[in-house]
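Throughout, a chain's letter reflects where its sequence line sits, starting with A, and its residues are numbered from 1.
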Amino acid sequence: MINISFPDGAVRPYDSGISPMAIAKGISEGLAKKVIAASINGQVKDASTPITNDASLKLLTWDDTDGRNTFWHSSAHLLAEAVEATFPGVKFWVGPAVDRGFYYDMDLGDQTISESDLLALEKKMDELARKNSVFIRKEISKSDAVSYFFEKGDEYKLDLLKGLQDGEITFYTQGEFTDLCRGPHIPHTGLIKAIKLTSVAGAYWKGDENNKQLTRVYGITFPTQKELDEHLLMLEEAKKRDHRKLGKELGIFTFDDDIGPGLPLWMPNGTIIIEELENLAKQTETAAGYKRVVTPHIAKESLYLTSGHLPYYQESMYPPMELEGVKYYLKAMNCPHHHKIFSAESRSYKDLPLRLAEYGTCYRYEQSGELFGLMRVRCLHMNDAHIYCSKDDFAKEFRAVNEMYIKYFKIFGIEKYVMRLSLHDPAKLGQKYIDEPELWIETENMVRKVLIESNIPFVEVPDEGAFYGPKIDVQIWSAIGREFTLATNQVDFAQGKRFGLEYTNKDNHAETPLIIHRAPLGTHERFIGFLLEHYAGKFPLWLSPVQVKLLPISDKFNDYALSVNKQLLEAGIRSEVDDRGEKIGKKIRDTELMKVPYMLIIGEKEVTDGTVSVRRQGKGDAGQCSVSEILSTLTAEISNRQSN
RNA sequence: GCCGUUGUAGCUCAGUGGUAGAGCACUUCCUUGGUAAGGAAGAGGUCUGGGGUUCAAUUCCCCAUAACGGCUCCA
């Protein structure tokens, strides 16, 4: 007999060799039907695994992340089975579960799968699933495994086998399909009730762009059709929030073939948002002791040789223009320009920390395939600043910057983000990273300490640092689930030296300052793209391009509406009159769709009483009030930068 | 940059080997209407660009370009 302990703390005796599935059946048939896999002593295993020692057991169902991942991984095998039946001779690489679903990478030789084939594959998968094929696990010797795939002519699996030891190799077979796989898998294919193949794409073998490109088919599956329908509905909803769609509908930005890819045109409504964000930044930075500067969009090659950017990042810069034998580059970053402002005057420790801020315009030649709405562009406006400080001041300055981040995130109600401490990889010193091993360790420790002391949750990732130092990136997700760095806060112990930046310390010696690069609001492009999705286009009043729309019931009341409008405009409120010859229902509908926060309706009653009728976007009629009342409501809400 | 898909009116999209259509938006007129779409008329397109096949190409083929879905990249 062995003792099995359950998540609720219960411990029960069972015969040695019993499987989690058998245990589930002992509890209830209903549970057994739902069991996908089992976590035995914290390890995810097949539900059929015999347990021979005392163990802790958690039966995994669709409701567990590990359960879902197993379900999707098995679905990838089912996809492979369907593909093999449809495209003979196909060779498979790997087919893991991902955040939402799964994929399988394959080499189809001369054949291609197009999106129109996906429906047929779905049908085939469905047909195979309904056979309730059991996933059979088999331990196999390395030599047998090699000869199996050698005969099949599958060099990809042979490559996988190279990295595996005898004794740890297992095959899984369901129906006609056998795969090299460590598992675990769901009990049988019949659990997969709803299947959707979402897309087909190219993917480099082993993620290396020098390797052959394989075909990747993405899909998602569910235990019930209802859940698939809900998932598809959710995707539809996400699409409505997509900043590319909203940006067009709300007149925020546009792209034009004659301007160029990745070069957004900011329309009047978008420009208002830009200006409001800049006002916020200026106000916040001035209060925090920053000084504003302005620098040109281009600079000579020599500047980027000094900074060290050119050898590292030339490919990401627009090619130079040559004038009188001198090469000029469009700036891809503002830091070298700011360093030159630092060095333009002699500096004393009394001048530090010196904080230079600029909403700098940068141009980056991003790869064409990477451009993505406003989130990844080639012309960007960075909420940039560089803080030059002594080592002693570093922690205080770095903490103040982090506090500014948090303050901003509170204003915008940003809750879903991850702070990522990006470190260097010692193996890449001198290539990807400045070759200063001790300084790396020292500054990384300084940053980590600040984060811990400020109680900011963060994750550490190796090999993500800037070439001049470690950084903190704030990661966010777009409506369609793509991850982006929204903002960044970087330490730089290299450029000060490269630019020969110096200040005179108390002992009358020259010292090189540490530099903090920071951009809490990221770039206008990415930040506004993010805000569009974050607010689903319903900006808070202070950011709304149009804050108030006056809606006269008929043109008889246009004059009164215009006079109210004048008062609002004079109070600095962005207000417009809808004087079209439309009915009030139509005017309200159009204004609602444009997501204008306040509608003021004006008819006979209002003109007589000298009032307006207030309607808040999405909330309906809020009753009558006087013009002075609504004025003070609006101005208060705007100046507080109140969120909705 | 690579693989795949797509490109028709300002927007969303039908459609066809014989030079094009809907809804919304726009203009004008009628309607003067009280909290999410009143009615009528009109204007608007080198069917992304360039080549090819064909008596004839928006439609079929090739190239370019842009967007989209991924991969790779991301100071």
| field | Integer-rounded Å distance: B:rU35 P and A:Leu551 CG | value |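 Rounded to the whole Å, the gap is 13 Å.
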
| field | Atom-to-atom span, CD of A:Gln314 to C1' of B:rC73 - whole angstrom | value | 16 Å

Residues [X] and [Y]: side-chain donor-acceptor under 3.5 angstrom:
{"X": "A:Asn210", "Y": "A:Tyr204", "answer": "no"}
{"X": "A:Gln490", "Y": "A:Tyr468", "answer": "yes"}
{"X": "A:Asp107", "Y": "A:Tyr156", "answer": "yes"}
{"X": "A:Lys340", "Y": "A:Thr295", "answer": "no"}
{"X": "A:Ser316", "Y": "A:Glu366", "answer": "no"}

[atom1]-based separation of [M] from [N] [nearest Å]:
{"N": "B:rU16", "M": "B:rC11", "atom1": "P", "result": "23 Å"}
{"N": "B:rU53", "M": "B:rA14", "atom1": "P", "result": "32 Å"}
{"N": "B:rA67", "M": "B:rG18", "atom1": "P", "result": "32 Å"}
{"N": "B:rU48", "M": "B:rA66", "atom1": "P", "result": "16 Å"}
{"N": "B:rC47", "M": "B:rC60", "atom1": "C1'", "result": "15 Å"}
{"N": "B:rC55", "M": "B:rU19", "atom1": "C1'", "result": "15 Å"}
{"N": "B:rC29", "M": "B:rG45", "atom1": "P", "result": "23 Å"}
{"N": "B:rA37", "M": "B:rG44", "atom1": "C1'", "result": "23 Å"}

Just compare [options] and give me whichever is closest to any side-chain atom of [X].
{"X": "A:Arg589", "options": "B:rA36, B:rG38, B:rA75", "result": "B:rA36"}
{"X": "A:Glu604", "options": "B:rG34, B:rA75, B:rU32", "result": "B:rG34"}
{"X": "A:Arg615", "options": "B:rG34, B:rU35, B:rA66", "result": "B:rU35"}
{"X": "A:Asp257", "options": "B:rA75, B:rG34, B:rA66", "result": "B:rA66"}
{"X": "A:Arg244", "options": "B:rU35, B:rG33, B:rG69", "result": "B:rG69"}
{"X": "A:Arg376", "options": "B:rG33, B:rC26, B:rC73", "result": "B:rC73"}
{"X": "A:Ile588", "options": "B:rC26, B:rG33, B:rU35", "result": "B:rU35"}
{"X": "A:Val200", "options": "B:rG34, B:rG4, B:rA36", "result": "B:rG4"}
{"X": "A:Lys471", "options": "B:rA75, B:rG33, B:rC74", "result": "B:rA75"}
{"X": "A:Ser368", "options": "B:rG1, B:rA36, B:rA67", "result": "B:rG1"}

| message | Between A:Arg378 and A:Glu592, which residue's closest nucleotide on RNA chain B lies nearer the 5′ terminus? | response |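 Per heavy-atom nearest nucleotide, the more 5' residue is A:Arg378.
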
| query | If each of A:Arg526 and A:Pro552 is mapped to the nucleotide of RNA chain B with the nearest heavy atom, which maps nearer the 5' terminus, i.e. the 5' end? | reply |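 On the 5' side of the pair lies A:Pro552.
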
| task | Examine A:His338 together with A:Tyr388 and report whether their ring centres are nearer than 6.0 Å. | result |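 Between A:His338 and A:Tyr388, the centre distance exceeds or equals 6.0 Å.
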
| message | For A:Phe484 together with A:Phe372, are the ring centres under 6.0 Å from each other? | response | yes

| Does any donor-acceptor pair link the side chain of A:Glu606 with the base of B:rG34 at a separation under 3.5 Å? |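 Counting by modelled atom types and ignoring angles, a donor-acceptor contact under 3.5 Å is found here.
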
| message | Should the side chain of A:Arg364 and the base of B:rC74 be counted as holding a donor-acceptor pair, with the cut-off at 3.5 Å? | response | no

| field | Closest non-hydrogen atom pair, A:Gln495 against A:Cys335 | value | NE2-SG, 3.9 Å

With both distances under 3.5 Å as the test, what is the Watson-Crick or G-U wobble partner of [N]?
{"N": "B:rC2", "result": "B:rG70"}
{"N": "B:rU12", "result": "B:rA22"}
{"N": "B:rU32", "result": "none"}
{"N": "B:rU65", "result": "B:rG7"}
{"N": "B:rA41", "result": "B:rU27"}
{"N": "B:rU58", "result": "none"}

| message | Tell me whether A:Arg378 forms a cation-pi arrangement with A:Tyr363, defined as NZ or CZ under 6.0 Å from the six-membered ring centre and within 45 degrees of its axis. | response |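 Checked: cation-pi criterion not met.
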
| Of all of residues 201-221 of chain A, which get a heavy atom below 4.0 angstrom from RNA chain B, listed by number? | A:Ala201, A:Gly202, A:Ala203, A:Tyr204, A:Gly207, A:Glu209, A:Gln213, A:Arg216, A:Tyr218

Answer with base, sugar-phosphate or nothing: what part of the nucleic acid does [X] contact at a heavy-atom distance below 4.0 Å?
{"X": "A:Ser613", "answer": "base"}
{"X": "A:Gly623", "answer": "nothing"}
{"X": "A:Gly369", "answer": "base"}
{"X": "A:Tyr468", "answer": "sugar-phosphate"}

| Within the pair A:Lys586 and B:rA25, is there a side-chain N or O less than 4.0 Å away from OP1 or OP2? | yes

| field | Verdict with supporting geometry, A:Gln314 and A:Tyr304, side chain to side chain donor-acceptor pair (under 3.5 Å) | value | CA-CA 9 Å; A:Gln314 188 164 21; A:Tyr304 301 108; over 6 Å; no

